[in-house]
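Notes follow once the structure below has been shown.
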Amino acid sequence: MSGTKTILLVGLAVVMLVLPQLVTSSFALDILIRILLFSFIGVAWNLMGGYAKQLSLGQAAYFGLGAYTSTLMQIDFDISPWIGMVAGGVVAALASLPIGWLCFRLRGPYFTIATIATAQALMLIFLKFRDFAWGAEGTTIPNLGSAPLMLQFEGKAAYYYVALGLLALGLLVTFLIERSFIGYYLVAIGEDEDAAEAIGVNAPRIKRDIYMISAFLTALAGTFYVQYIYFIDPATAFNFNISIEAALVSIVGGIGTLWGPVIGTVLLETTSALLQSWLGSSTGGVQLTVYSLILMAVILWRPTGLMGVLHDILERHRQRHPIKTAKAAP
């Protein structure tokens, strides 16, 4: 990593750490928390949907499994959600094995439809098991006040730092994968899976492993979210919008890039929050309309997303101001 990138990264980290001390508005903090959370979910989705270009729209399945695992452990056995968060990640990772085995037998739109079906099937299962998981009514998370060991805090600043930590974890995992042999294999699979297998890449194993990592990370977000809102039901935990949002922020920001999901989330979540604040419920469908226009603009003019735009700007800057590596001969 170059010195300039290191300085920028350190500066960004400092800004993100002090931001809750400067922002006093509860509404603004809530927007920041949601930006961090959906950035994290987008980063988790991007491992499979971005680098390997396997368009999964079933992330809600693992989000919900993580949320329900930690909540059941907390309410039934009084186990800390910090432990439940990890347990939920393990449950989601294990669940991704049979789901992946079935879905990866399909390709293209058939794979996408299969992933949607798995998430919806899980939602129906949790709707039916009322005695086990409270059914359609759901349940509230016991409010213990200030209980950091139970992932409950009085102020939103603490939730901000937890979400920031999750995002940092997701970015670190992506960074390490991106620069490992697995990352190169994922890109090869995304470009041409048959050609990748022809040169010796074990595509089924690579996709299985990366799908497990993606599921594990997404489940962590599920635990955090239900602890943040103090409520869980199947419609919330397995909400299809979560899967759509994870894909959208990555596509808009730039799939297959480290910072693409973060940039896409900042644009979409900020736009959504401001529109809801300004318009409220007076003009229905405006948020979806804006989402659609942004997505169409990216697909038509910048298929590589906002990261592609940034890359083009930097390339033009380098061409106009080339770095002189040696003095001209006299």
Side-chain angles (χ1 to χ4, degrees), residues 36-70 82-104 111-112 114-115 118-119 122 162-190 193 196 201-225 242-243 245-247 249-251 253-262 265:
L36 293 173
L37 179 63
F38 280 101
S39 293
F40 175 60
I41 298 172
V43 166
W45 179 91
N46 193 43
L47 289 171
M48 177 61 64
Y51 291 95
K53 295 182 181 176
Q54 307 290 313
L55 184 58
S56 168
L57 292 180
Q59 291 300 101
Y62 309 114
F63 186 93
L65 285 174
Y68 266 100
T69 299
S70 60
W82 291 107
I83 300 174
M85 178 182 288
V86 178
V90 173
V91 169
L94 293 176
S96 73
L97 292 175
I99 293 174
W101 181 79
L102 290 171
C103 294
F104 287 139
F111 169 77
T112 304
T115 59
T118 56
L122 281 172
V162 175
L164 181 61
L166 289 175
L167 177 57
L169 173 64
L171 290 172
L172 176 62
V173 170
T174 302
F175 178 82
L176 295 175
I177 290 175
E178 190 178 55
R179 282 154 180 78
S180 69
F181 73 93
I182 296 178
Y184 295 111
Y185 288 171
L186 284 175
V187 174
I189 291 170
E193 185 171 341
V201 176
N202 189 340
R205 181 177 67 82
I206 295 296
K207 291 194 295 184
R208 179 201 66 196
D209 293 346
I210 211 67
Y211 200 43
M212 287 181 65
I213 296 173
S214 177
F216 180 88
L217 294 176
T218 305
L220 302 184
T223 295
F224 172 82
Y225 185 69
I242 295 169
S243 301
E245 192 81 7
V249 298
S250 300
I251 293 171
I255 61 172
T257 61
L258 179 63
W259 293 99
V262 179
T265 306

Please give me the minimum heavy-atom distance between [X] and [Y], naming the atom from each residue.
X      : Y      : answer
Leu37  : Ala221 : CD1-CB, 3.8 Å
Ser214 : Gln59  : OG-NE2, 3.3 Å
Gly254 : Thr257 : O-OG1, 2.6 Å
Val249 : Phe38  : CG2-O, 4.1 Å
Met85  : Ser70  : N-CB, 4.0 Å
Ala114 : Cys103 : CB-SG, 3.8 Å

Could you walk me through whether Ile182 and Tyr51 pass the side-chain contact (heavy atoms from CB on, under 4.5 Å) check? CA-CA 10 Å; Ile182 296 178; Tyr51 291 95; over 6 Å; no

Could you measure the distance from the [atom1] atom of [X] to the [atom2] atom of [Y]? Nearest 0.5 Å is fine.
X      : Y      : atom1 : atom2 : answer
Tyr184 : Glu178 : OH    : CD    : 8.5 Å
Ile213 : Leu217 : CD1   : CG    : 7.5 Å
Phe224 : Ile41  : CZ    : CD1   : 10.0 Å
Thr115 : Met48  : OG1   : CE    : 10.5 Å
Ile210 : Leu47  : CD1   : CG    : 5.0 Å
Thr174 : Leu169 : OG1   : CG    : 9.0 Å

When you compare the side chain of [Y] with that of [X], does any pair of heavy atoms fall below 4.5 Å?
X      : Y      : answer
Trp45  : Ile255 : yes
Tyr225 : Ile242 : no
Ser39  : Pro261 : no
Trp101 : Leu97  : no

Can you classify the ring geometry of Phe104 versus Tyr211 as parallel (below 30°), tilted (30 to 60°) or perpendicular (above 60°)? perpendicular

As a quick check of understanding, evaluate side-chain contact (heavy atoms from CB on, under 4.5 Å) for Leu171 and Val43, giving each step before the final call. CA-CA 7 Å; Leu171 290 172; Val43 166; 3.9 Å; yes

[X] side chain to [Y] backbone, donor-acceptor under 3.5 Å:
X      : Y      : result
Thr223 : Gly66  : yes
Asn46  : Leu258 : no
Ser243 : Leu57  : yes

